[in-house]
2 protein chains.
Amino acid sequence: MDPHLLRTFTTVARLASFSAAARELGYTQSAVSQHIAALEGDLRTDLLTRRPVAPTPAGARLLEHAGPLLLRLDAARADVLRLAAAPPGRVTLAVSPLSVGPRLLAALPASGVALRVLPAAEVPAAVATGGCDLGLVDGLAAASDPLRLPDVAPLTVTGVAEDPLAVLLPAGHPCAERAELRLDDLADARWIHAPDIVAPPPGSRTALRYRGTDLHGLCALAAAGHGLVLLPLRVARTAAAGVAVPLAATRLVHRSELLAPGTTTGAAAALALRLTAGSPYGT
Amino acid sequence: MDPHLLRTFTTVARLASFSAAARELGYTQSAVSQHIAALEGDLRTDLLTRRPVAPTPAGARLLEHAGPLLLRLDAARADVLRLAAAPPGRVTLAVSPLSVGPRLLAALPASGVALRVLPAAEVPAAVATGGCDLGLVDGLAAASDPLRLPDVAPLTVTGVAEDPLAVLLPAGHPCAERAELRLDDLADARWIHAPDIVAPPPGSRTALRYRGTDLHGLCALAAAGHGLVLLPLRVARTAAAGVAVPLAATRLVHRSELLAPGTTTGAAAALALRLTAGSPYGT
DNA sequence: CCCGGTTACGCTTGTCGTAAAGATT
DNA sequence: AATCTTTACGACAAGCGTAACCGGG
């Protein structure tokens, strides 16, 4: 269960080829073959079928563990190295699309910050492994509850914003005239599932799958009637087309949180302070 | 960042001694010294002070990562091995003290089950690393919200019970006659902090620290006026002494959840079914 | 036969233990 | 002086690459 072996294993599984994995990792085919053999010998189970190369059930199970494991390992290394490293000159901020709000816009102009837009699910990893100095994530949660984030590393989590939710409807939709909606009212509706932007409401059915982090395109699709989208009211109102109807009688709110690694110094620490200053939302 | 090196590092840090760690791990002092040197060389930072042996700041940081990391590694190995292993003859169920409720008592008699009482924080690890076949954890959460559990491994989590909360007061307490209480009413009160049994209410101050999983002793202390305790109403009512007053106007409930590893077979699967059958509480 | 994974084998490197040296109280 | 960590060194094993081998399209 050497991490090197796990890394080779995940690479082989991802590329479905020993030789391609060898090229990517800078090994020879032979070494890759030996790595897999070592893992399989250690666990006394086949992990991959050859020809075609695909994970066995045991291999699939191991794959579920290997990703988070290697991530945590990178995070640990990055975190310790960060202690000794000089504070970054230019701060890189990982943001999920909907986490960009007034608070960030107000805090930004002060210094040279590079933004990096990532799906919410990837922001914690980006901060933990040192790719970015700070992160802003958003998601749906019960009011004043912190978001559920994958714990890749011990990160400092601070709430920075909470917004009520709204549904973005096409102009002609039967509910478009109403002052507010409940999720029950839309029980039969189809939603656009855009996992890189917003989690869909629990238990909803999917009309269309939308990949990528482009919010504008998503709103356009919703306005054109291809499916409903749940957005922070603040964002839904600014959509060029479509009608934003506030969501009532729900415990859910849209929440944004700042993620900071254990060590935050220099310009990154200053930005973190501006982002959280006077925030009414706790850890 | 070889796991072996991390393991000796954590052992040395825990025992504050190279030689003691060597004895525990079955190495020579020399090997331990080389392990630490290898880690320090790899990260280009001192991790431990010698004489006395104690973690440096960087070392302390690494320690925070090392524990969860090694746990996940064990969990991965155990999970894959469990796929091939024969279903256990006797099921071992890890339970946190307050997770033992009517549902478990009803499901138990059917077969030979061994119970293992652990602090709630250790139950997920016990299930993930294969020490136990199933786990029951409890904790405080917003109504119908799942508990926040450390994700040591991808476990199947199923809610099995929710209970209203109560405060256990000594007989003469000013609030003891009231029909119900709010947490605000007790803002100045001191609580017994028993981390292995119940999380204290958020923001409370501690009168006494109580270690161990013995519920009876905790109730006795509370009844004797050494501090308040927050318990599921069901449990508080059965306390031999003391007065149980229901907690009102809170989002918090006491919740129990069943943890199952990815692979659950035989008698363990049957028990899991009985425990969750007809449960109104979701994932 | 060609492509791709496996096996054999030699070389290099790494890891451990023994033992001597060094440091700290 | 005693205790505990570090360093030196030799033995052994592990890991990688080269190259030969094999099995399926």
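Sequence lines set the chain letters: A, B, ... in the order given, protein chains first and strands last, and positions in each chain run from 1.
Classification of Arg90(A) and Asp133(A) as a salt-bridged pair fails, no side-chain N sitting under 4.0 Å from a carboxylate O.
If you measure from atom CZ of Arg51(B) to atom P of dA23(C), you get 10 Å, rounded to the nearest angstrom. Rounded to whole Å, atom C1' of dG4(C) lies 14 Å from atom CD1 of Ile36(A). Regarding Leu48(A), its CG atom lies at a distance of 17 Å from the P atom of dG4(C), rounded to whole Å. In this structure, Arg23(B) places its CZ atom 14 Å from P of dG17(C), rounding to the nearest Å. With rounding to whole Å, Glu40(B) atom CD is found 13 Å from dT5(D) atom P. Leu25(B) has its CG atom 14 Å from the C1' atom of dC16(C), to the nearest Å.
Residues Asp2(B) and Arg7(B) have side chains not in contact (no heavy-atom distance under 4.5 Å, counting atoms from C-beta outward). Taking 4.5 Å as the limit, some side-chain heavy atom of Leu43(B) sits within range of a side-chain heavy atom of Met1(B).
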Side-chain atoms of residues 62-72 of chain A: list all donor-acceptor pairs with protein atoms under 3.5 Å, sequence neighbours left out, distances to 0.1 Å.
residue  : atom : partner   : partner atom : Å
His65(A) : NE2  : Asp79(B)  : OD2          : 2.7
Arg72(A) : NE   : Val152(A) : O            : 3.4
Arg72(A) : NH1  : Asp151(A) : O            : 2.9

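With rounding to the nearest 0.5 Å, the separation of CZ in Arg211(B) from CD1 in Ile197(B) is 13.0 Å.
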Where protein sits on nucleotides 7-21 of chain D, one letter per nucleotide: B base, S sugar-phosphate only, - none, heavy atoms under 4.0 Å: BB-------BBBB--
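Note on Val53(A): only backbone sugar-phosphate atoms sit closer than 4.0 angstrom, heavy atoms only; bases stay farther off.
The ring of Tyr210(B) has its center no closer than 6.0 angstrom to the ring center of His226(B).
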